[in-house]
Number of protein chains: 2
Amino acid sequence: MPNNQFKKGELYSFMTGKASTAIARRLQKNMKHGGIEITVEQWSVLYHLWKNDGLSQQELCNATFRDKPSITRLVDNLEKLKLVKRVASKNDRRINQVFLTEQGRKLEEETMMVANNTLNEALIGVPADRVDICKEVLQIVYDNLK
Amino acid sequence: MPNNQFKKGELYSFMTGKASTAIARRLQKNMKHGGIEITVEQWSVLYHLWKNDGLSQQELCNATFRDKPSITRLVDNLEKLKLVKRVASKNDRRINQVFLTEQGRKLEEETMMVANNTLNEALIGVPADRVDICKEVLQIVYDNLK
DNA sequence: GGCATATAGTTGTTTATGCAACTACTCAAA
DNA sequence: TTTGAGTAGTTGCATAAACAACTATATGCC
């Protein structure tokens with residue numbers, strides 16, 4: 001028994017993620033404006049390495065919710081930009097660990113500041129308790145479907 | 001003065017739209033499983049034509065929050081699939097109106113049913129009033145950034 | 001040890017996106 | 001009536017995504 005109805009197109013934006021598209025575009029624009037020459041997708045990989053350097057590509061797949069080919073090519077491009085380096089694991093030769101370079105580490109502070117500012121632009125006029133509810137709903141949706 | 005802080009990565013999912021990615025993937029999977037051979041992006045264009053046939057490409061840009069090249073190519077592909085047809089406007093020869101074909105119209109009922117079911121899968125365990133709050137927050141975010 | 005199965009990662013193909021540069025058409029003002 | 005600004009749409013290029021097919025390595029069972 002459905003607990004919600006998709007009526008009158010009011011949930012179109014919800015389903016198509018117009019808000020998150022808008023956030024990604026603004027983040028991209030703000031990074032470019034700040035002289036940070038990476039894509040938002042590359043940012044999402046670096047983000048997890050800043051928290052936890054040396055993740056394997058598979059762990060990056062799980063963390064970023066991207067498939068293996070996507071991570072292969074994102075890491076390819078980040079390597080070309082000299083921001084990360086693949087290191088074959090000694091224990092398990094199937095695994096590449098991905099490590100930040102000095103250059104990659106240096107990006108963290110500035111880039112996270114831009115991300116933080118972008119989020120604040122996005123949330124102007126939204127009470128914090130409503131943001132929390134929204135986050136919870138999106139987390140449940142993600143858990144339902146992932 | 002920032003009204004929210006981007007702390008401890010808790011808003012990573014919010015910013016990167018993991019929930020809407022999950023919805024889009026599930027919708028794609030459900031359509032394929034139901035024998036509907038279109039992409040979710042093509043669905044988003046057809047959706048607006050079902051509500052309002054004959055929109056111009058520019059109007060489709062506004063409705064779907066995509067840029068002009070994206071709509072050009074989505075309409076290209078929908079035309080190849082014989083689901084829509086471009087018709088040059090008589091009043092203003094710059095404008096293409098996009099009309100559904102009989103085949104395009106026939107997809108509506110089944111496809112909207114699949115979309116509705118997908119949404120219900122996504123929202124299992126979420127009280128309706130929380131969905132409403134989430135929608136409102138996302139609408140404000142979109143309006144802040146669009 | 002050897003084989004089946006699973007896991008990590010890569011490659012190929014099609015579709016989609018963002019941005020910039022371009023063509024074609026419209027409209028209004030000199 | 002011409003010209004110049006604005007609008008609608010297309011094309012080119014780089015990046016990214018989904019899916020399937022592939023290689024290489026690891027592991028567990030006989």
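Sequence lines set the chain letters: A, B, ... in the order given, protein chains first and strands last, and positions in each chain run from 1. FYI, side chains are in, hydrogens and waters are out, and symmetry mates aren't considered; it's all heavy atoms of this structure.
If you take NZ of B:K68 and P of C:dA21, they are 14 Å apart, rounded to a whole angstrom. Atom CG of A:D67 is separated from atom P of C:dG12 by 16 Å (rounded to the nearest Å). Look at CD1 on A:I38: it is 15 Å from C1' on D:dA16, rounded to the nearest Å. Following rounding to the nearest Å, A:R73 (CZ) and C:dT13 (C1') show an atom-to-atom distance of 9 Å. The distance from atom CD of B:E59 to atom P of D:dG9 is 8 Å, rounded to the nearest whole Å. Distance, A:N62 CG to C:dT7 C1': 12 Å, rounded to whole Å. With rounding to whole Å, A:N77 atom CG is found 12 Å from C:dT10 atom P. If you measure from atom CG of A:L60 to atom P of C:dG9, you get 9 Å, rounded to the nearest angstrom.
Within the nucleic acid shown, B:I71 has no heavy atom closer than 4.0 Å to any nucleic acid atom. Within the 4.0 angstrom heavy-atom criterion, only backbone atoms of the sugar-phosphate kind lie near A:T39; the bases stay farther away. Nucleic acid contact for A:D76: none, since no nucleic acid atom lies under 4.0 Å from a heavy atom of the residue. Here B:Q42 lies in heavy-atom contact (under 4.0 Å) with sugar-phosphate atoms only. Note on B:R25: only backbone sugar-phosphate atoms sit closer than 4.0 angstrom, heavy atoms only; bases stay farther off. In this structure, A:R66 reaches the sugar-phosphate backbone alone: every heavy-atom distance under 4.0 Å involves primed, P, OP1 or OP2 atoms, never a base. Contacts of B:D92 with the nucleic acid, taken as non-hydrogen atoms under 4.0 Å apart, involve only primed sugar atoms and P, OP1 or OP2.
In the interface, the side chain of A:R93 is not paired with the base of D:dT25 through any donor and acceptor atom under 3.5 Å apart. A donor-acceptor contact under 3.5 angstrom links the side-chain atoms of B:R94 to the base of D:dT7.
Comparing A:Q58 and A:K29 against DNA chain C, the residue whose closest nucleotide sits nearer the 5' end is A:Q58. In terms of position on DNA chain D, the residue among B:K32 and A:K80 whose nearest nucleotide sits closer to the 5' end is A:K80.
Within a 6.0 Å radius of NZ in B:K29, other residues, nucleotides and ligands contribute 12 heavy atoms or fewer. The number of heavy-atom neighbours closer than 6.0 Å to NZ of A:K82, taken from other residues, nucleotides and ligands shown, is 12 or below.
With A:F99 as the aromatic partner, A:R86 does not meet the cation-pi criteria of under 6.0 angstrom to the ring centre and within 45 degrees of the ring axis.
Taking 4.0 angstrom as the limit, B:Q97 places none of its side-chain polar atoms (N or O) nearer than this to OP1 or OP2 of D:dA8. Between A:Q28 and C:dT17 there is no side-chain N or O to OP1 or OP2 distance below 4.0 Å. Residue A:R86 places at least one side-chain N or O under 4.0 Å from the OP1 or OP2 atom of C:dT10. The shortest distance between the side-chain N/O atoms of B:N96 and the OP1/OP2 oxygens of D:dA8 is not below 4.0 Å. Remark: A:S70 is not in phosphate contact with D:dA16, judged by side-chain N or O atoms under 4.0 Å from OP1 or OP2.
Summarising the geometry of B:S56 relative to B:I95, their closest heavy-atom pair is CB-CG2, 3.7 Å, with the distance given to 0.1 Å.
For B:P69, taking side-chain heavy atoms from C-beta onward, the closest of the listed nucleotides C:dG9, C:dA20, D:dG9 is C:dA20. Comparing C:dT17, D:dG9, D:dT15 against the side chain of B:E41 picks out C:dT17 as the nearest. Closest to the side chain of B:Q57, out of D:dG9, D:dA18, C:dA16, is D:dG9. In this structure, of C:dA8, C:dG9, C:dA16, it is C:dG9 that holds the atom nearest to the side chain of A:T72.
Every residue two or more places apart in sequence or in another chain that forms a side chain to side chain donor-acceptor pair (under 3.5 Å) with B:R105 is listed here: B:E102.
Looking only at side-chain heavy atoms (C-beta outward), A:M31 and A:T39 stay at 4.5 Å or farther from each other. Considering only heavy atoms from C-beta on, B:R73 comes within 4.5 Å of B:D76 through its side chain.
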